[in-house]
Amino acid sequence: MTISDRVRIKDVRVLSDGWTTLKSTTFDYRRANGEWQTQKRETYERDNAAAILPYHRAQRSVILVKQFRLPAFIRGYDDLLIEAAAGVLDNAEPEARIRAEAEEETGYRLHHVHKVFEAFMSPGAITEKLHFFVAEYEPHMRVSDGGGLEHEGEDIEVLELGIDEALAMIADGRIIDGKAIMLLQYAALHIFR
């Protein structure tokens, strides 16, 4: 029996259709014991996205970005959030989109991007799946200051950090973005061993 055999959608209502779509779904779910249970959930319908960690193996450094995030601020985080560069796919292939996003946000035109994994970051409420990439960078690959796109409201600071400093920033709470944490841990395990 597949999960599709255990779910019967009864009703879907759009609650909001602004920056993202918020839906309320009522469904029947067949529990492991065979009984059907009616449940109701709200989901944010988000397009899939991609994130990248540029790294310089010889320098033992990485490129991250720093920007304002309203949801983090609302939860009491009174600082700019240090993150992995990322963006929504907008109907593009993940590799193509992350190359463009990396250049927009970091200013680096990366040549060889390598996909390392995919993950749902908040599957209890958000439909978005992220594609995670790493790419080696060199100083000559910097073609602009980065900073994101002003018309999208982006005001991004580019950070070049040593991998040990970045990992320490996870431990002391200065890096709390899940994308950055996952990619930095990947780099520690597989790139900077």
Side-chain angles (χ1 to χ4, degrees), residues 1-53 64-102 104-105 113-134 148-156 170 173-186:
M1 178 182 304
T2 68
I3 292 297
S4 296
D5 297 325
R6 296 173 65 178
V7 178
R8 294 181 191 150
I9 304 295
K10 295 172 74 173
D11 182 57
V12 178
R13 290 187 311 120
V14 174
L15 303 177
S16 175
D17 196 14
W19 184 69
T20 188
T21 303
L22 174 62
K23 293 181 179 178
S24 175
T25 302
T26 303
F27 62 99
D28 290 333
Y29 178 75
R30 189 173 186 176
R31 300 177 58 82
N33 66 6
E35 293 180 16
W36 287 93
Q37 179 183 43
T38 300
Q39 298 184 19
K40 187 174 183 177
R41 297 286 185 272
E42 291 179 357
T43 57
Y44 285 96
E45 304 288 325
R46 292 266 304 156
D47 192 12
N48 292 336
I52 192 162
L53 182 69
L64 296 170
V65 296
K66 191 174 187 178
Q67 63 184 312
F68 174 72
R69 292 297 195 181
L70 180 62
F73 177 76
I74 288 170
R75 282 292 184 197
Y77 191 74
D78 195 18
D79 202 349
L80 300 178
L81 206 61
I82 298 171
E83 307 179 36
V88 175
L89 297 184
D90 291 327
N91 298 315
E93 289 299 314
E95 184 175 320
R97 187 63 214 134
I98 199 56
R99 287 176 188 279
E101 198 68 37
E104 290 170 11
E105 292 192 4
V113 299
H114 174 66
K115 186 171 180 178
V116 292
F117 53 84
E118 298 175 4
F120 287 101
M121 298 298 288
S122 189
I126 300 173
T127 61
E128 174 185 67
K129 179 172 64 174
L130 262 71
H131 302 263
F132 289 83
F133 293 85
V134 295
L149 301 176
E150 186 175 338
H151 72 272
E152 290 184 0
E154 295 177 326
D155 184 19
I156 296 171
I170 295 170
R174 288 180 287 162
I175 294 178
I176 60 171
D177 169 61
K179 302 177 309 297
I181 292 169
M182 292 167 73
L183 283 167
L184 288 167
Q185 292 292 340
Y186 176 89

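Counting non-hydrogen atoms of other residues, nucleotides and ligands closer than 6.0 Å to CD of Glu152 gives a total above 12. Heavy atoms from other residues, nucleotides or ligands lying under 6.0 Å from OH of Tyr186 number more than 12. When the shell of 6.0 Å around CG of Asn91 is examined, it contains 12 or fewer heavy atoms from other residues, nucleotides or ligands. Within a 6.0 Å radius of CG in Asp155, no more than 12 heavy atoms belonging to other residues, nucleotides or ligands are found.
Nearest heavy atoms, Ile181 versus Ile175: CD1-O, 3.8 Å. For the residue pair Leu15 and Ser24, the shortest heavy atom distance occurs at CD1-CB, 3.8 Å. When all heavy atoms are compared, the tightest approach of Ala51 to Leu130 is CB-CD2, 4.3 Å. Taking every heavy atom of both residues into account, Ala102 and Ile52 meet most closely at CB-CG2, 4.0 Å. Considering all non-hydrogen atoms of both residues, Arg6 and Trp36 come closest at O-CZ3, 3.4 Å. Scanning both residues, Phe132 and Lys179, for their nearest heavy atoms gives CE2-CA, 3.8 Å.
Checked for salt-bridge contact, Arg97 and Glu104 meet the test: a charged N lies under 4.0 Å from a carboxylate O. By the 4.0 Å N-to-carboxylate-O rule, Lys115 lies too far from Glu95 to be salt-bridged with it. Ion pairing between a basic and an acidic side chain is recognised when a charged N comes within 4.0 Å of a carboxylate O; Arg31 and Glu35 show no such pairing.
Although no hydrogens or angles enter the test, the distance criterion places no donor-acceptor pair under 3.5 Å between the side chain of Thr26 and the main chain of Lys40. A donor-acceptor pair is defined here as one N or O able to donate and one able to accept, closer than 3.5 Å; such a pair exists between the side chain of Glu154 and the backbone of Leu149.
We find the CZ-CG distance between Arg30 and Asp5 to be 8.5 Å, quoted to the nearest 0.5 Å. Atom CD of Gln39 is separated from atom CZ of Phe27 by 4.0 Å, given to the nearest 0.5 angstrom. Here the CZ atom belonging to Arg13 is positioned 10.0 Å from the OG1 atom belonging to Thr25, to the nearest 0.5 angstrom. Atoms CD1 and CG, on Ile126 and Leu22 in that order, are 10.5 Å from each other to the nearest 0.5 Å. Atom OG1 of residue Thr127 and atom NZ of residue Lys23 lie 8.5 Å apart, to the nearest 0.5 angstrom.
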Could you walk me through whether Gln185 and Ile170 pass the side chain to side chain contact (heavy atoms under 4.5 Å, CB included) test, one step at a time? CA-CA 10 Å; Gln185 292 292 340; Ile170 295 170; 4.1 Å; yes
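Among the candidates Arg46, Glu45, Arg41, the single residue satisfying the side chain to side chain donor-acceptor pair (under 3.5 Å) test with Thr43 is Glu45.
Looking only at side-chain heavy atoms (C-beta outward), Glu83 and Val65 come within less than 4.5 Å of each other. The closest side-chain heavy-atom distance from Arg99 to Phe133 is not below 4.5 Å. Side-chain contact between Leu89 and His131 is present, with at least one heavy-atom pair separated by less than 4.5 Å. Side-chain contact between Asp78 and Phe73 is present, with heavy atoms from C-beta onward closer than 4.5 Å. Side-chain contact between Leu53 and Leu64 is present, with heavy atoms from C-beta onward closer than 4.5 Å.
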